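Notes follow once the structure below has been shown.
Ligands are counted one by one from 1 in listed order, and the atoms in each one are counted from 1 as well. Remember, it's a predicted structure, so these values are computed and weren't measured experimentally.
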Amino acid sequence: MSIEFIDLKAQQNRIRAAIDSAIARVLDHGQYIMGPEVYELEERLAVLGGVRHAISCASGTDALLIAMMAKGIGPGDAVLCPDFTYTATPETIALLGATPVFVEVGLDTFNIDPAGIEAGIASAERHELKPKAIIAVDLFGRPADYDALRTLAARHHLFLLADAAQSFGAAYNDSAVGSLADVTATSFFPAKPLGCYGDGGAILTNDDDLAEIMKSIRLHGRGDDKYDIVRVGVNGRLDTLQAAILIQKLSIFADEIERRDAVASRYAAGLRDRVAVPAMPDGYRSVWAQYTIRLPGHDRDRVMKALSSQGIPAHVYYPRPVHEQTAYRDYPIAGNGTPNATRLPREVLSLPMHPYLERAIQDRIIAAVLAALE
Ligand SMILES: Cc1ncc(COP(=O)(O)O)c(C=O)c1O
């Protein structure tokens, strides 16, 4: 039997009948764009995220873009972001003509290091840019250190945007992801902890004015009158079909988060004596979008080959820091460089992680990793 890295089929088998009925209802009413399921989903997302407004959109990338467009971020502005993240984070900054400044990350947290923020601001100013925002990424499902980041953002008058593409459903000091930053962007890409069957995303905030602007941008910059365009926007809507699917997935989401947590605990118990397992201090609750270990001092290629020979999938997220990617080589790096962000790509390895990973299979994965380290 093959081992899945993320088993979407097991999840689908669990709720297939409900999804079929939800899709059939959309086909029956025919409101494929901005149908009733879109608004129902938004209400549910706002409750889960602990905020007044959840605005669904076409992808996690659009969610980041729309949030920064609403803040008027553009040429001459600097946006601080971690140097170890998925490409959508710096991409949206650069697309708006603003300049990403790459900040160091924690070796154990994988997330932006608050201690690097002031170096990032100084780098931006050296380049004669105006520091406007911080994008904190909750990498692999673990929230960033939002207490520290909120303090820094307030001190330096920066907009704090959470890239929660991997962390929706997680929590930090008893507050839900969604309510931790000025605006939170998330993704419903199929492999995310809460994923649809295509592209999708959402933007969450408690800021009433910003919410209105973001809703308008999502619909081409529409004003009160459909044909009065009051600002430049995008076609950033979530399909009704995807909203209908997400509503069904929400009915099992809390249970799935529990199961992911149990899988993570079993990995930690089995591996922590031999490899660096993800740190999850008090106050942090991850949704384990990935279970990512570090193998400092080990031959990772050898481990990957050994796992692969036993049919165990394992992946490297991400093989390069952002500043080493061709498109991003010329942007500023905070301080004296980002040694952790540069080191992590050589050490990380993500193991199969999903709510339906059976104990016996997980035991095989753990045994295979330990054997490969001998
Ligand atoms: C950290 C991060 N930011 C942004 C995105 C973009 O989301 P999407 O693929 O829905 O555009 C992703 C996921 O793909 C991500 O992992």
Side-chain angles (χ1 to χ4, degrees), residues 5-6 8 41 45 54-69 79-96 100 102-103 105-106 109-112 133-144 146 149 160-170 177-178 180-181 183-204 214 217-218 234-239 241-243 245-246 249 278 286-292 315-322 325 327-328 341 344-345 348 350 353-354:
F5 188 68
I6 295 177
L8 292 176
L41 174 71
L45 293 175
I55 302 154
S56 60
C57 62
S59 68
T61 307
D62 268 6
L64 291 167
L65 196 67
I66 292 169
M68 285 189 279
M69 286 174 77
V79 178
L80 279 49
C81 74
D83 192 22
F84 187 59
T85 179
Y86 183 63
T87 189
T89 319
E91 173 185 81
T92 49
I93 303 167
L95 266 177
L96 291 174
F102 305 125
V103 175
V105 298
T109 65
F110 306 120
N111 285 333
I112 196 162
I134 303 171
I135 303 185
V137 181
D138 302 341
L139 209 66
F140 306 145
R142 174 198 154 128
Y146 284 98
L149 291 170
L160 182 58
L161 174 57
D163 179 346
Q166 302 184 8
S167 67
F168 191 67
V177 162
L180 301 168
V183 172
T184 297
T186 194
S187 163
F188 303 129
F189 182 82
K192 298 293 189 240
L194 179 64
C196 56
Y197 290 151
D199 278 308
I203 319 161
L204 295 95
M214 294 192 294
I217 292 173
R218 171 185 65 176
V234 294
N235 174 0
R237 300 170 299 234
L238 178 74
D239 294 344
L241 276 169
Q242 299 301 347
I245 289 160
L246 284 163
K249 292 220 187 179
S286 177
V287 279
W288 306 106
Q290 302 292 344
Y291 192 84
T292 304
H315 298 291
V316 173
Y317 297 118
Y318 296 96
R320 288 192 182 92
V322 185
Q325 294 176 24
Y328 295 101
L344 281 170
V348 287
S350 297
M353 164 53 81
H354 58 83

Considering the heavy atoms of [X], write down every atom of ligand 1 situated less than 4.0 Å from one of them.
X    : value
S187 : 7 (O), 8 (P), 10 (O)
A88  : 4 (C), 5 (C), 6 (C)
V137 : 1 (C)
S59  : 10 (O), 11 (O)

D163, portion touching ligand 1 at heavy-atom distance under 4.0 Å: side chain

Polar proximity ligand 1 side, Q166 side, N/O cut 3.5 Å exclusive: yes

G60-ligand 1 polar pair, N/O distance under 3.5 Å: yes

Flag, side chain of Q166 to backbone of K192, donor-acceptor distance under 3.5 Å: no

Which pair of non-hydrogen atoms, one from [X] and one from [Y], has the smallest distance, and what is that distance?
X    : Y    : result
P143 : N111 : O-ND2, 3.3 Å
P82  : V105 : CB-CG1, 3.6 Å
T61  : T92  : O-CG2, 3.4 Å
A67  : V183 : CB-CG1, 3.8 Å

Proximal candidate to atom 5 (C) of ligand 1 [heavy atom criterion; set G198, A165, A164, A289]: A165

Taking atom 11 (O) of ligand 1 as the reference point, the nearest protein heavy atom with its distance: T61 OG1, 2.5 Å

Nearest neighbour in protein (non-hydrogen) for atom 13 (C) of ligand 1: K192 NZ, 2.8 Å

Y146-D138 side chain donor-acceptor pair, cut-off 3.5 Å: yes

Partners passing salt bridge (Lys or Arg N to Asp or Glu O under 4.0 Å) against R218 (at least two apart in sequence or in another chain): E42

